[in-house]
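Whatever order the structure lists ligands and atoms in, that order sets their numbers, starting from 1. Owing to the predicted nature of the structure, the values given are computational and were not obtained by experimental measurement. When a residue number appears, it is its place in the shown sequence, counting from 1.
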Amino acid sequence: MDTQALKGSWRQVAQSGDQVPLFFYSALFLMYPETRSLFPVSMAAQRDRLVNALGHVVSNVDRVNELVPFLQQLGRDHRKFSVVAQHYPAVGQALLATLEHFLGDLWTPALARDWTAAYGLVAKVMTEAAEESSATSPPWWEGEIILHEVRVPGIAVIRARLNYQYPFRPGQSASVSTALRPKLWRYYSIANAPRRDNTIDLHVRVVDGGTVSTALVHAAQRGDILKISAPVGDRLTLSPGPARELLLIAGGTGLAPLKSLVEQVAHEGPPRAVRLFVGARTSRELYDAEALAKLEADNPWLSVVPVVSRDAFYRGEHGYAVDVALKAWRDQDVYVCGSEEMVQGSVSRLLDAGVPPEHIRFDEFTTAGGREP
Ligand SMILES: Cc1cc2nc3c(=O)[nH]c(=O)nc-3n(C[C@H](O)[C@H](O)[C@H](O)COP(=O)(O)OP(=O)(O)OC[C@H]3O[C@@H](n4cnc5c(N)ncnc54)[C@H](O)[C@@H]3O)c2cc1C
Ligand code: HEM
């Protein structure tokens, strides 16, 4: 297989930008109309991740061994879209039609053979993983909302009770979909350690113009059923090995996964010192202050420090959470979570201050779903 030709041809096609997903979906839905109902009603080409991933992953087939865990996860995850093995040839055909259209004379029988083989390989890894996981876990769980609190304008804490056992590790996230916005899935971090009553808490902040976050905060209510897919992610799970002390830095709803780590320490013991720095722009945005104060009062090994960046009248710590946290850094493991901007800024501050990279774990709330390694 000529993998350089695969990569080169995808680079060429990708130059046509948004035209590529437009053509791909037209071809797919024309040739295989039964696939239309798997996708959201309204599809913005700018948001497309499937076509981009198809071109990128398939043309990187020379790294397939390295990509296997990602592809297995992607395949398992596709069960939430109601995708089954029979859909893969349809997507493969639409991909080939798209390549042919944009490559024109550059589309040769040899290139067609290589793309077909590479797609087949990727599809095989994804479908096999999906099939294997069907035996042990459902494509999604159903979670009834039993508590819906808009704590401060634009941020809600939502508690859902899942319909059956939902194994997850603190620090993980789940992809969530609401019937208010059918077929759209977004990741939210689980804000608690596993509970006997099988409930999970989500902290959701409205993003300007955000489809799912707006529905979850402003329209969802008690009694609604959410779809919740299998938990994912290991960036923020506690490192195995000796129980090192922790310094946790949260921005906004980036608090959610870090709070679950605090609960894990509380459950597992023996306790280790944990310092949690909770950043917000204004004191009004400190949506979980009361619950955190209680957690701190109950656990002598925990200290919680709210830090506010844009509120001249606030009486507590001012500035960025990372700067206040750095003053308390004594060789602990550092975990950071929040918006892309907050996380990137914080991690570079930590590195500049001499925190060894192997002691920094972080995750960002990007628009991206499943991430490639
Ligand atoms: C692993 C992971 C965990 C996450 N956990 C949480 C969580 O616990 N709590 C939480 O509130 N959010 C979390 N998010 C973000 C969440 O998945 C959604 O991206 C967010 O709720 C916006 O979705 P939406 O449908 O409302 O916006 P969309 O309709 O998808 O987007 C609307 C507009 O906002 C922009 N946008 C979308 N998402 C973001 C974002 N995160 N930051 C800045 N701009 C954005 C888009 O580019 C677009 O212009 C997490 C994301 C990831 C990847
Ligand atoms: C090699 C094969 C494939 C790859 C690499 C791939 C990759 C992806 C990726 C990366 C996403 C984004 C995931 C996310 O945001 O969480 C996605 C979404 C999706 N994929 Fe696939 N996919 C493949 C095959 C298929 C097939 C066969 C179908 C069935 C028709 C399918 C249907 C979907 C749907 C419905 C979505 C959600 C789209 C949206 O919300 O706009 N995919 N895919």
Side-chain angles (χ1 to χ4, degrees), residues 21 25 28-29 32 34-58 60-61 67 70-71 73-75 77-95 118-127 130 154-158 171-178 181 183-191 201-217 229 231-233 235-236 250 252-260 337-342 363-372:
Y25 287 113
L28 179 66
F29 300 154
Y32 302 94
E34 68 279 11
T35 57
R36 179 63 186 95
S37 64
L38 301 174
F39 291 86
V41 174
S42 135
M43 293 171 63
Q46 313 87 283
R47 247 206 79 88
D48 174 77
R49 298 196 62 242
L50 162 57
V51 180
N52 202 9
L54 271 175
H56 180 70
V57 172
V58 177
N60 276 283
V61 75
L67 290 177
F70 165 74
L71 293 174
Q73 166 63 34
L74 195 61
D77 205 49
H78 267 59
R79 296 190 304 139
K80 76 186 182 201
F81 301 131
S82 301
V83 170
V84 294
Q86 289 77 350
H87 293 129
Y88 279 79
V91 163
Q93 287 299 320
L95 174 65
Y119 177 80
L121 208 64
V122 169
K124 184 165 182 282
V125 177
M126 287 176 65
T127 47
I155 302 184
V157 172
I158 298 173
Q172 289 195 296
S173 308
S175 189
V176 174
S177 180
T178 156
R181 298 286 179 268
K183 301 190 182 118
L184 293 177
W185 292 82
R186 300 287 185 268
Y187 285 90
Y188 294 97
S189 307
I190 303 166
D201 291 351
L202 306 175
H203 296 180
V204 184
R205 174 203 280 275
V206 170
V207 162
D208 264 354
T211 330
V212 175
S213 59
T214 307
L216 286 175
V217 174
S229 79
V232 295
R235 295 183 184 203
L236 293 178
T253 46
L255 170 63
L258 303 185
K259 188 178 180 189
S260 79
C337 188
S339 68
E340 217 164 349
E341 195 189 359
M342 178 268 171
D363 203 6
E364 302 138 305
F365 287 175
T366 57
T367 44
R371 288 124 151 194
E372 201 192 321

Q: Nearest heavy atom to atom 19 (O) of ligand 1 wins, so pick from Thr366, Thr211, Asp363, Val207.
A: Thr366

Q: Which option wins on minimum heavy-atom distance to atom 15 (O) of ligand 2: His56, Arg49, Glu34?
A: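 It is Arg49 whose heavy atom sits nearest to atom 15 (O) of ligand 2.
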
Q: Measuring from the heavy atoms of Ala123, does anything fall under 4.0 Å of ligand 2?
A: no

Q: Can you name the atoms of ligand 1, numbered from 1 with element, that are less than 4.0 Å from a heavy atom of Thr253?
A: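 It comes down to these atoms of ligand 1: 9 (N), 10 (C), 11 (O).
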
Q: Within a reach of under 6.0 Å around CD of Glu341, are more than 12 heavy atoms found that belong to other residues, nucleotides or ligands?
A: no

Q: Go through ligand 2 atom by atom and flag the ones less than 4.0 Å from a non-hydrogen atom of His87.
A: 27 (C), 29 (C), 30 (C)

Q: Hey, does Tyr119 come in under 3.5 Å of ligand 2, counting only N/O atoms on both sides?
A: no

Q: I need the atoms of ligand 1 closer than 4.0 Å to a non-hydrogen atom of Ser173, numbered in the order shown.
A: 1 (C), 3 (C)

Q: Is any N or O atom of Glu364, backbone or side chain, closer than 3.5 Å to an N or O atom of ligand 1?
A: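 For ligand 1, there is no N or O atom that lies under 3.5 Å from one belonging to Glu364.
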
Q: Please find the pair of heavy atoms, one from Val41 and one from Arg36, that lie closest to each other, and give the distance.
A: O-NH2, 2.8 Å

Q: Run the numbers for me: atoms of ligand 1, each under 4.0 Å from some heavy atom of Arg205, listed by number.
A: 11 (O)

Q: Could you work out, for atom 8 (C) of ligand 2, the closest of Arg186, Met126, His78 by heavy-atom distance?
A: His78

Q: Give the contacting part of Ser213 toward ligand 1: side chain, backbone, both or neither, where contact means a heavy-atom distance below 4.0 Å.
A: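 The answer is both, backbone and side chain.
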
Q: Is there at least one pair of N or O atoms, one from Val204 and one from ligand 1, spaced under 3.5 Å apart?
A: no

Q: At their closest point, which heavy atom of Arg186 faces which heavy atom of Thr211, and how far apart are they?
A: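 Answer, listing the atom of Arg186 first, then Thr211: NH2-OG1, 4.1 Å.
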
Q: Heavy atom of Gly233 under 4.0 Å from ligand 1?
A: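 No, Gly233 has no heavy atoms under 4.0 Å from ligand 1.
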
Q: Run down the list Pro40, Pro89, Ala90 and name the one with the heavy atom closest to atom 41 (O) of ligand 2.
A: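 Shortest heavy-atom distance from atom 41 (O) of ligand 2: Pro40.
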
Q: Examine the proximity of ligand 1 to Glu340 and report which part, side chain or backbone, both or neither, has a heavy atom under 4.0 Å away.
A: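 It is neither; nothing of Glu340 touches ligand 1.
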
Q: Using a strict cut-off of 4.0 Å, indicate which atoms of ligand 1 neighbour a heavy atom of Ser189.
A: 3 (C), 4 (C), 5 (N), 6 (C), 7 (C), 8 (O)

Q: Is the shortest heavy-atom distance from the side chain of Val91 to the side chain of Leu28 under 4.5 Å?
A: yes

Q: Using a 4.5 Å cut-off on heavy atoms from C-beta on, say whether the side chain of Pro257 contacts that of Asp363.
A: no

Q: Going by the closest heavy atom to atom 37 (C) of ligand 2, which one wins out of Tyr187, Tyr88, Phe81, Trp185?
A: Phe81

Q: Should one rank Phe39, Phe29, Tyr32 by closest heavy-atom distance to atom 35 (C) of ligand 2, which comes out on top?
A: Phe39

Q: Determine whether Tyr119 and Tyr88 make a side-chain contact, defined as any pair of heavy atoms from C-beta on separated by less than 4.5 Å.
A: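 Heavy-atom side-chain distance check passes, below 4.5 Å.
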
Q: Compare every heavy atom of Tyr187 with every heavy atom of Ser173, then report the nearest pair and how far apart it is.
A: CB-CD2, 4.4 Å

Q: Run the numbers on Ser177 and Lys80 for side-chain hydrogen bond (donor to acceptor under 3.5 Å, both in side chains), then give the verdict.
A: CA-CA 10 Å; Ser177 180; Lys80 76 186 182 201; over 6 Å; no

